[in-house]
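For the numbers below, each heavy atom of this structure counts, side chains included, while hydrogens, waters and symmetry mates do not.
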Amino acid sequence: MEENIIRGTYDSPCGQLVLCSYKGKLYICDWAVSKNAESLQRRLGKTLKAEIVDGTSPVITLAKKQLKEYFSRQRRSFSVPYKLIGTDFQRMVWSSLANIHYGRTISYGEQARRLGMPRSARVVANANGANPLCILLPCHRVVGSDKSLTGYGGGLDVKRFLLDLEQGRQKLRREE
């Protein structure tokens with residue numbers, strides 16, 4: 001088993017993802033350009049009392065395989081073992097993202113209603129903004145109440161790319 005947090009990367013068609021695993025679970029799948037990327041990794045190291053080292057692990061290999069399948073439209077959900085570190089509220093919000101079907105979107109208000117908190121759209125949106133497992137827990141499928149694209153760690157262009165990919169509007173590129 002891993003004694004260190006293993007950090008790898010995956011070059012997706014719309015940007016680089018940072019993947020972090022520890023003891024057989026994925027803890028981070030986040031955009032390298034995310035403003036939270038470094039603090040998320042530091043917090044993970046502090047929480048697990050482990051050093052982050054670059055490399056690969058079986059879980060990172062599996063995540064890369066499933067991400068490649070996702071980006072080639074061969075996968076709609078993920079089975080990578082993961083563990084969420086956050087507040088109880090954050091973990092509840094992040095876990096609920098798995099219930100948003102591929103190719104669909106909901107508003108932050110709808111997500112809050114589904115969680116039984118109809119007046120909490122803003123705090124739900126803030127929790128989504130701290131989601132450590134983007135794509136796997138698809139926060140990109142949550143949009144503004146007027147269907148506008150709002151906030152996303154990888155940037156709004158990446159959010160649009162992912163939604164277009166899932167809705168069949170994104171042309172697939174061959175990997176070189």
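- Of all non-hydrogen atoms in Ile6 and Thr56, the two that sit nearest each other are CG2-N, 3.4 Å.
- Using a distance-only test at 3.5 Å, with no hydrogens or angles considered, a donor-acceptor pair links the side chain of Lys64 to the main chain of Thr9.
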Exercise. Apply the test side-chain contact (heavy atoms from CB on, under 4.5 Å) to residues Ser148 and Thr150: give CA-CA distance (whole Å), side-chain angles for both, the deciding distance (0.1 Å), then the verdict.
Key: CA-CA 6 Å; Ser148 64; Thr150 59; 3.7 Å; yes
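- Looking at heavy atoms from C-beta onward, Ile135 lies in side-chain contact with Phe71 at the 4.5 angstrom threshold.
- Tyr70 is not listed as a side-chain neighbour of Ser12, based on a closest heavy-atom distance of 4.5 Å or more.
- The backbone N or O of Leu133 sits less than 3.5 Å from a side-chain atom of Asn131, completing a donor-acceptor pair.
- Partners of Arg42 by side-chain hydrogen bond (donor to acceptor under 3.5 Å, both in side chains), not counting sequence neighbours: none found.
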Exercise. Apply side-chain contact (heavy atoms from CB on, under 4.5 Å) to Leu67 and Leu136, showing your working.
Key: CA-CA 8 Å; Leu67 285 164; Leu136 279 71; 4.2 Å; yes
Self-check item: Test log, rule side-chain contact (heavy atoms from CB on, under 4.5 Å), inputs His140 and Glu166
Solution: CA-CA 11 Å; His140 62 275; Glu166 292 182 7; 2.8 Å; yes
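- Between the CD atom of Gln167 and the OG1 atom of Thr105 there is a distance of 6.5 Å, given to the nearest 0.5 Å.
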Self-check item: Chi angles and distances behind the side-chain contact (heavy atoms from CB on, under 4.5 Å) call for Cys20, Leu44
Solution: CA-CA 9 Å; Cys20 292; Leu44 180 63; 4.0 Å; yes
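- The two atoms that bring Ala63 and Leu19 nearest to each other are CB-CD1, 4.4 Å, heavy atoms only.
- Side-chain contact between Tyr10 and Lys68 is present, with at least one heavy-atom pair separated by less than 4.5 Å.
- Taking CZ of Arg141 as the reference point, atom SG of Cys139 lies at 10.0 Å (rounded to 0.5 Å).
- Side-chain atoms of Ser107 come within 3.5 Å of backbone atoms of Glu110 as a donor-acceptor pair (strictly under, hydrogens ignored).
- In this structure a side-chain-to-backbone donor-acceptor pair under 3.5 Å is missing from Arg76 to Tyr102.
- Taking the side chain as every heavy atom from C-beta outward, Tyr22 and Val59 never approach each other to under 4.5 Å.
- Summarising the geometry of Pro81 relative to Gly24, their closest heavy-atom pair is CG-O, 3.7 Å, with the distance given to 0.1 Å.
- Across all their heavy atoms, Ala121 and Ala112 have their closest contact at N-CB, 3.8 Å.
- Interatomic distance, Asp54 CG to Asn4 CG, rounded to the nearest 0.5 Å: 11.0 Å.
- Here the closest non-hydrogen pair linking Val158 and Cys14 is CG2-O, 3.3 Å.
- When every heavy atom of Trp31 is checked against every heavy atom of Gly15, the shortest pair comes out as CZ3-O, 3.5 Å.
- For Glu38, the CD atom is loosely surrounded, since the number of other residues' heavy atoms within 6.0 Å does not exceed 12.
- Hydrophobic clustering, with ILVMFWY side chains joined whenever heavy atoms are under 4.5 angstrom apart, keeps Ile52 apart from Val18.
- By the side-chain hydrogen bond (donor to acceptor under 3.5 Å, both in side chains) test, Asn128 is found to be paired with Gln111, residues two or more places apart in sequence or in another chain being considered.
- The side-chain heavy atoms of Cys134 and Tyr152, taken from C-beta on, include a pair separated by under 4.5 Å.
- In this structure, the side chain of Gln66 does not engage the main chain of Arg75 through any donor-acceptor pair within 3.5 Å.
- At least one side-chain heavy atom of Ser95 sits less than 4.5 Å from a side-chain heavy atom of Leu84.
- Atom CG of residue Asp11 and atom CD of residue Gln16 lie 5.0 Å apart, to the nearest 0.5 angstrom.
- Here the NE2 atom belonging to His101 is positioned 11.0 Å from the OG atom belonging to Ser77, to the nearest 0.5 angstrom.
- Taking 4.5 Å as the limit, every side-chain heavy atom of Pro138 sits out of range of all side-chain heavy atoms of Phe78.
- Between Arg91 and Asp88, at least one side-chain nitrogen of the basic residue sits less than 4.0 Å from a carboxylate oxygen of the acidic one, meeting the salt-bridge criterion.
- Checked options Trp94, Tyr27, Tyr82; the residue passing with Pro132 is Trp94 (criterion: side chain to side chain contact (heavy atoms under 4.5 Å, CB included)).
- Going from atom CD of Gln41 over to atom CD1 of Ile5 covers 9.0 Å, rounded to the nearest 0.5 Å.
- Not one N or O on the side chain of Gln90 forms a donor-acceptor pair closer than 3.5 Å with the backbone of Ala127.
- Checked by atom type and distance alone, the side chain of Arg73 pairs as donor or acceptor with a backbone atom of Leu165 at under 3.5 Å.
- The cluster map of Ile, Leu, Val, Met, Phe, Trp and Tyr, joined by side-chain heavy atoms under 4.5 Å apart, puts Leu26 and Leu137 in the same cluster.
- Taking 4.5 Å as the limit, every side-chain heavy atom of Val142 sits out of range of all side-chain heavy atoms of Val124.
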